[in-house]
Structures are given as structure tokens and as C-alpha cells.
Amino acid sequence: MVLMRCARMLFDVSLNRDVVTWNAVLNGYVKCGDVGSAKKLFDEMPERNAVSWSVMINGYVKVGCFKEALEIFNEMQRSGVRPNHAGIVGALSACGSLGALDQGKWIHAYVDRSKMELDTVLGTALIDMYAKCGSVEAACRVFEDMSRRDVYAFTSLISGLSNHGDSVMAVELLKRMGDEGIKPNEVTFICILSACARVGLVDEGLRVFESMNDVYGIKPEVEHYGCLVDLLGRAGLLEQAKDVVRDMPMEPDIYVLGALLNACRVHGDADLGNEMVEGLVSRSLDHSGVHVLLSNIYASANQWDRVERVRKGMVEKDVKKVPGCSLIKEGNVEKE
DNA sequence: CTAGGGTTAG
């Protein structure tokens with residue numbers, strides 16, 4: 001933040017300001033997450049090239065303003081500047097988040113028409129866009145069209161297949177990665193494990209979890225334990241899920257416990273849910289989502305007096321939580 | 001080659 005202000009001052013007094021320099025400052029604002037200042041500067045620029053536009057597009061994507069990102073992309077088309085790979089990738093990512101399939105298809109056609117090379121980054125962006133827009137078939141086609149596939153491309157398709165319930169294909173892709181000599185990473189395993197959890201492929205999921213360390217040399221992190229607890233919990237194997245939480249080599253985080261609580265809700269084990277929440281409070285782990293889950297557990301078990309107690313406790317805790325939350329957020333921003 | 005780009009459970 002402070003560095004950015006210094007950079008801006010230097011920029012303002014410098015005499016030799018070409019597009020490259022303007023873009024560097026523009027990019028500085030975007031890196032700080034300050035798209036507002038970036039847009040102001042962008043509007044003042046005497047000359048803009050493809051990089052200027054792509055920085056703005058990706059700046060909006062980064063802060064979740066996907067509509068604005070697509071508006072900038074369209075404006076770029078009107079102004080006659082040809083988009084570069086980065087601009088296309090940013091626009092595709094916005095399409096995926098908005099579920100804008102038609103716009104995404106148009107961009108795909110544009111990529112083909114202008115003979116842009118389908119490299120791993122552009123290919124992954126297309127796979128991701130199609131998968132998020134609900135067209136897994138198109139995502140698969142792009143995947144096969146690519147001349148080279150890396151771990152991002154594989155993981156993106158695995159995630160897409162998983163979200164559409166095709167977990168068997170997702171696990172098969174893990175095997176295919178081996179055939180193509182691509183090493184899965186920690187993100188790949190999160191996608192595979194959650195694919196197995198979704199459709200109840202318990203044995204397959206357990207095998208994959210074991211293989212992480214044994215075959216691929218990747219130490220499971222807390223996120224992977226969260227998937228494992230979810231896998232067992234959804235299948236109704238509450239005791240095994242509880243054992244995992246007890247024996248895991250690190251402190252369970254809110255998602256691990258959330259997965260276990262959710263399993264309690266689905267399988268109607270209000271007592272285990274209650275036991276867990278007491279554990280949570282004693283370790284001062286707190287999250288409003290836990291209270292929502294807990295009250296759903298009691299509701300499923302027809303224990304309405306307990307639902308009421310959770311509701312009261314929630315209100316109290318949420319009031320206490322507000323200053324703490326804002327402190328943490330400010331701390332993070334100040335680090336920049 | 002440059003200022004710019006892709007995957008994540010709940």
C-alpha cells in the first residue's frame with residue numbers, strides 16, 4: 001500500500017511515460033486489490049494496449065466483479081484492440097463464475113478464428129469455463145484438443161467431472177495423469193477425494209488417500225483430512241470419521257469439524273453432535289456455521305428445546321464476535 | 001523474450 005503510493009509519486013513526476021510505465025502502475029494497483037484506483041488511472045491513460053485491458057479485466061476478476069470484467073472485455077472489442085492470452089483467460093474466468101455459457105462459447109470461437117495457440121493456460125481456462133457453465137462434454141473436448149496437458153488442466157477437468165457427479169471418470173483421470181507423466185498436486189487430491197465423497201466411493205477414496213503419501217509423496221494436509229471425514233461421514237461411518245478426527249496429526253479446523261457435524265445431521269446422531277460442540281467450545285473454536293448445523297441436528301432429532309438454546313447462544317456469540325472479525329481483517333490488509 | 005493469464009473441499 002505504502003510502496004504503491006511511492007511508486008505513484010515517482011510515476012507522476014517522471015517525464016518519460018510510455019504505455020509500459022503506465023501499465024506497470026496499473027498493475028501495481030491491481031496487485032494491491034485497489035481496482036478503483038486502477039480504473040481511475042486506466043481512464044486517464046492517453047494510450048492503452050492489450051496489456052492495459054487485460055490488467056483491468058483480471059483486476060476485476062480478482063476482486064469478484066465478473067460483470068465489470070466482461071464489460072471491460074466488450075469495451076476492448078469495440079475499441080478495436082485485439083485481446084491477448086491474458087485478457088481472454090480473464091474473460092473466460094468471468095464467464096465461468098457468472099455461468100455465461102454463450103459469451104464463453106463466443107470467446108472460444110474467437111480463439112479458434114484468430115488461431116491463438118491453445119496452450120495449457122488457455123486450455124485450462126476453457127475447460128474451467130465449460131465445466132462451471134454446466135457443459136462437461138465441451139470441457140472434455142477442449143481437454144482432448146490440447147497438445148499438452150499439465151496438472152492444472154487435469155485438476156480443472158477432474159473438478160468439473162466431480163461437480164457433475166461423474167466421480168468414476170474423475171478417478172480414472174488420476175490414473176491417466178500417471179500415463180502421461182503428470183504428477184498430481186495437493187489440489188488434485190482435494191478434487192478427487194471430494195469426488196469420491198460425493199457419490200459414496202468409500203473404498204476408492206480411502207485408497208486414494210493412502211496413495212497420496214505412499215505413491216505420490218504428498219503429505220495430506222488438514223484440507224485432505226476434511227475430505228476424508230466427509231467421505232466417511234456421508235457414508236454413515238460416523239465412528240470411523242470420529243477416529244480420523246481424533247488421530248489426525250494436526251488440529252482439526254472448522255471444515256473438518258463441520259464435515260463431522262454435517263454427518264451427524266444427515267445420520268441423525270444428535271448426541272455425537274452435542275459432544276463435538278462442547279469440544280469446540282472448550283477449544284474456543286467458533287463459527288456461526290457450526291451453530292446452524294448443530295441446530296439442524298437437534299431439529300432432525302426433534303429436540304426443540306436444544307434448538308432454542310443454540311439459537312440464544314448464537315446471538316450472544318455473534319455479538320461478541322464482531323470486533324474480533326474486523327480486527328483480523330484489518331490486520332491482513334495492513335500487511336500489504 | 002516484455003507490463004498480463006489457469007486448478008481447490010465446505
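Computed over heavy atoms, backbone and side chain alike; hydrogens, waters and symmetry mates excluded. Per chain, numbering begins at 1; letters A, B, ... match sequence-line order.
You'll find the side chain of A:I88 reaches within 4.5 Å of the side chain of A:L122, heavy atoms only. Taking the side chain as every heavy atom from C-beta outward, A:Y152 and A:T120 never approach each other to under 4.5 Å.
With both ends at atom P, the span from B:dC1 to B:dG5 equals 14 Å, rounded to whole Å.
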Verdict with reasoning, A:D145 to A:R141, per salt bridge (charged side-chain N to carboxylate O under 4.0 Å, His left out): CA-CA 6 Å; A:D145 280 348; A:R141 248 176 281 135; over 6 Å; no
Intermediate values then yes/no, salt bridge (charged side-chain N to carboxylate O under 4.0 Å, His left out), A:R176 and A:E180: CA-CA 6 Å; A:R176 183 165 161 196; A:E180 295 194 18; 3.0 Å; yes
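Using a 4.0 Å cut-off on heavy atoms, none of the residues of residues 170-183 of chain A approach DNA chain B.
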B/S/- contact track for nucleotides 3-9 of chain B, protein heavy atom under 4.0 Å: BBBBBBB
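Atom NZ of A:K183 is surrounded by more than 12 heavy atoms from other residues, nucleotides or ligands within 6.0 Å. The number of heavy atoms from other shown groups lying within 6.0 Å of NZ (A:K105) does not exceed 12.
What you find for A:V30 and A:K62 is that their closest heavy atoms are CG1-NZ, 4.1 Å.
Relative to the six-membered ring of A:W106, A:R113 meets both conditions, a distance below 6.0 Å and an angle of at most 45° to the axis.
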